[in-house]
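Here the structure comes first, spelled out in structure tokens, and everything after it is commentary.
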Amino acid sequence: MLKLTNIAVSYGMISALKDVSITVGQGEIVALIGANGAGKSTTLMSISGVTDLVAGTISYRERVISGLPPHIIVSQGISQVPEGRRIFPRMTVLENLEMGAFLGNGKDLQIDLDRVFGLFPVLAERRRQLGGTLSGGEQQMLAIARALMSRPALLLLDEPSLGLAPIIVSRIFKIIEEINQQGMTVLLVEQNAKAALRLAHRGYVMETGRIVLEGRAVDLESDPAIKKAYLGE
Amino acid sequence: MSSLRQAIKRHGSFFLVPLWAGILCAPFTGIAAATRIALVLAAGVLLAAALRTGTITRLAHTLFSGSARMQGAGRRLVALLAAPPSAFLFLAALCVIPLFQNDYYRDVLTLTGMYVVLALGLNLVVGQAGLLNLGYVAFYAVGAYTYAISSTRFGLPFWPGMAAGAAVAALAALLIGLSTLKLRGDYFAIVTLGLGEITRIVLNNWDSVTGGPNGISRIPRPSLAGYVLKTPLDFYYLILLMVVITVFAMRRIIASRIGRAWIAIREDEVAAEAMGINTFKLKLLAFVIASALAGCVGVFFAAKMAFVSPESFTFFESVLILCMVVLGGMGSIPGIILGAVLLVMLPEIFRDFQDYRMIGFGIALVLMMIFRPQGLMGAGKRQ
Ligand SMILES: Nc1ncnc2c1ncn2[C@@H]1O[C@H](COP(=O)(O)OP(=O)(O)O)[C@@H](O)[C@H]1O
Ligand SMILES: [Mg+2]
């Protein structure tokens with residue numbers, strides 16, 4: 001469904017990604033794990049069209065999307081939940097969700113709202129509350145719900161567990177699993193390798209801008225090098 | 001009365017207005033006069049609050065309900081007052097008051113109206129789209145000179161002239177926006193700062209077209225169905241019409257889908273982009289609309305003064321308009337109107353102290369940033 005072929009990205013003189021190739025199949029959850037600064041967020045931002053490639057191509061459903069502006073990429077069905085949630089703090093929950101549906105024609109807004117409120121009942125309760133006044137976990141849920149409002153076929157999640165208590169993390173991961181079972185393809189970026197690999201079907205490990213390992217999630221989980229570096233065993 | 005008390009509690013910030021006005025005036029007028037100004041403004045704010053909460057309509061109701069014969073008339077009056085009360089009354093007052101003033105006051109009111117439109121325009125760029133525009137006056141100048149040149153040389157009448165002024169200013173903004181808005185961060189501020197200065201330098205030096213420092217004089221007055229507008233009162237009503245149209249249009253656009261998207265861009269540009277908002281196009285749109293509006297006011301200015309020269313379009317003007325937006329509260333229409341009114345009226349009232357007004361602005365802005373960064377009536381912190 002999504003195919004990154006030998007992409008490279010640099011910020012000025014600093015090269016952030018080198019020769020990165022990743023594929024994500026329809027219906028999969030693919031985890032991209034790596035330490036802080038490895039280049040995970042940059043990878044997602046390249047897919048979304050926010051950062052430009054220096055080399056390589058990105059294609060989605062057999063069509064090249066690298067070089068297209070972000071709003072076109074969103075309209076083709078790729079939605080990102082950026083790192084740090086980045087909800088609009090001074091808009092209400094409802095207004096945040098409406099912004100997520102910005103590209104829609106507005107007719108099916110209620111259907112989409114009902115759908116995300118079904119997944120996140122807590123957001124329905126707080127629909128009139130300002131985004132900035134939600135707890136960290138609720139903000140993450142709002143960020144995911146907002147991304148779902150554009151009816152994506154591929155969801156890019158950047159560290160959804162960041163700064164959240166373990167119990168909240170497991171609740172959010174449960175919802176990601178549920179969304180996936182309803183047919184959503186997910187590319188999940190995580191530093192929390194253990195939780196991510198348990199959820200994902202396949203995984204990639206990134207170090208300083210390169211993919212150093214890839215494979216089935218179960219194999220990666222039992223890989224001794226991974227265990228040592230990322231699972232703290 | 002209890003609802004009035006609630007309103008005071010809820011809109012407490014409105015009562016900072018007189019306080020601020022007092023502080024602003026004090027260096028110019030001395031403490032005693034500043035206190036008087038603050039008290040008058042406080043009474044005005046109280047009256048506005050009373051209108052908003054319907055305290056006055058209820059008061060009228062009790063008064064009239066005493067006699068059965070008066071009830072019909074009373075009810076009608078109450079309905080009239082309650083309709084969209086404050087806006088309606090306010091507009092009526094604005095139509096009537098200048099009739100009882102001399103020409104000097106009419107001119108001050110007209111000037112205020114011009115800055116209200118300019119500040120509302122700049123607010124789209126600074127307050128809604130979150131871009132710092134330091135050369136807004138350039139588009140005001142482009143509008144003024146477009147009309148000045150086309151009317152004196154080619155006999156273009158006022159109304160097409162206004163369209164031309166708006167169009168040329170919009171086109172200039174489009175070209176500049178296309179080349180600078182793609183860049184992130186502060187480039188836009190730097191480019192617009194430079195643009196303002198370049199415009200002034202061009203106006204000063206391109207003698208054959210702009211008349212250089214002498215400017216262009218004998219610019220024709222506007223006419224409406226054969227009647228030539230020439231008195232200060234005529235121009236007052238024209239700018240009042242422009243203000244009403246602008247306020248109405250701004251309310252509509254800020255509440256629209258596009259207005260929401262601007263707020264999203266201002267709050268978090270990356271997130272807005274991730275939502276599929278075409279941030280570049282929307283920022284460009286804000287910039288172009290605002291510049292067209294400045295162009296319109298420029299045409300009005302040229303027609304009213306019948307004379308333009310580069311002196312009217314200095315960096316100080318850009319800063320002044322920016323102050324109005326920031327002082328009043330970015331994103332809030334009443335706040336910006338208030339900012340424009342304060343910054344035009346106060347220096348006019350205390351003309352003798354004009355030399356100190358920059359100091360006054362500076363102090364006011366610094367205090368503002370410390371105590372009320374969202375502006376006097378800012379939309380910043382919503383409850
Ligand atoms: N906007 C930026 N400008 C310059 N360098 C950046 C920028 N964003 C990220 N980087 C650098 O690119 C590298 C990869 O960063 P990032 O993709 O954020 O990593 P991760 O998400 O894996 O923590 C890091 O060295 C980081 O410092
Ligand atoms: Mg990251």
Side-chain angles (χ1 to χ4, degrees), chain A residues 41 44-45 47-52 68-92 94-106 109 128-133 139 142-152 155-158, chain B residues 10 13 123 126-130 177-187 252-286 329-332 335 372-375 377-383:
Chain A
S41 298
L44 292 194
M45 284 300 174
I47 298 170
S48 288
V50 176
T51 46
D52 295 329
L68 295 177
H71 63 275
I72 301 287
I73 291 175
V74 176
S75 73
Q76 296 196 353
I78 302 180
S79 194
Q80 186 183 164
V81 181
E83 185 175 348
R85 320 192 241 282
R86 305 192 92 134
I87 54 149
F88 302 115
R90 288 184 296 203
M91 291 187 186
T92 64
L94 200 60
E95 286 167 344
N96 266 280
L97 293 173
E98 283 168 8
M99 289 318 304
F102 186 77
L103 287 175
N105 56 15
L109 184 67
R128 308 243 168 260
Q129 204 170 316
L130 290 187
T133 63
Q139 288 190 9
L142 176 57
I144 297 173
R146 187 179 63 176
L148 292 176
M149 289 297 289
S150 65
R151 300 188 172 185
L155 189 64
L156 311 175
L157 289 163
D158 198 345
Chain B
R10 200 169 36 205
S13 55
N123 173 54
V126 179
Q128 300 301 131
L178 279 174
S179 50
T180 54
L181 285 175
K182 277 242 154 86
L183 305 169
R184 270 161 203 267
D186 304 325
Y187 289 103
R252 292 293 297 268
I253 196 166
I254 288 174
S256 73
R257 207 172 96 93
I258 290 175
R260 286 282 199 69
W262 279 329
I263 295 173
I265 294 172
R266 189 186 64 197
E267 292 227 317
D268 190 330
E269 190 169 344
V270 172
E273 217 162 20
M275 297 299 94
I277 294 171
N278 189 342
T279 56
F280 171 68
K281 200 170 92 186
L282 281 170
K283 285 192 283 186
L284 188 63
L285 184 69
M330 290 193 272
S332 144
R372 246 190 113 63
Q374 73 271 41
M377 296 177 155
K381 289 215 176 74
R382 291 176 4 187
Q383 262 97 49

task = Evaluate the side-chain contact (heavy atoms from CB on, under 4.5 Å) criterion for residues B:Ile263 and A:Phe88: first the C-alpha distance (whole Å), next the side-chain angles of each, then the deciding distance (0.1 Å), finally the verdict.
result = CA-CA 9 Å; B:Ile263 295 173; A:Phe88 302 115; over 6 Å; no
Smallest separation among heavy atoms of [X] and [Y], with atom names:
| X | Y | answer |
| --- | --- | --- |
| B:Ala271 | A:Arg146 | CB-NH2, 4.0 Å |
| A:Val50 | B:Glu273 | CG1-OE1, 3.9 Å |
| B:Ala264 | A:Met91 | N-CE, 3.5 Å |
| A:Phe102 | B:Met275 | CB-O, 4.3 Å |

request  = Rounded to the nearest 0.5 Å, what's the gap from NE2 on A:His71 to CG on B:Leu282? Could you check?
outcome  = 9.5 Å
message = Is A:Met149 in contact with chain B via its backbone, its side chain, both, or neither, using a 4.5 Å heavy-atom distance?
response =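 Neither; nothing under 4.5 Å.
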message = Heavy-atom pairs under 4.5 Å with chain B: which of A:Ser48, A:Pro89, A:Gly49 has the most?
response = A:Pro89
query = In chain order, what residues pass the side chain to side chain contact (heavy atoms under 4.5 Å, CB included) check against A:Gln129, with sequence neighbours excluded?
reply =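 Testing A:Gln129 for side chain to side chain contact (heavy atoms under 4.5 Å, CB included), a comparison that skips the adjacent residues, returns A:Arg126, A:Thr133, A:Leu134.
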ask   = Does some side-chain heavy atom of A:Ile87 sit less than 4.5 Å from a side-chain heavy atom of B:Glu267?
value = no
query = Within residues 253-260 of chain B, which positions have a heavy-atom distance to chain A below 4.5 Å?
reply =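 The stretch touches chain A at B:Arg257, B:Arg260.
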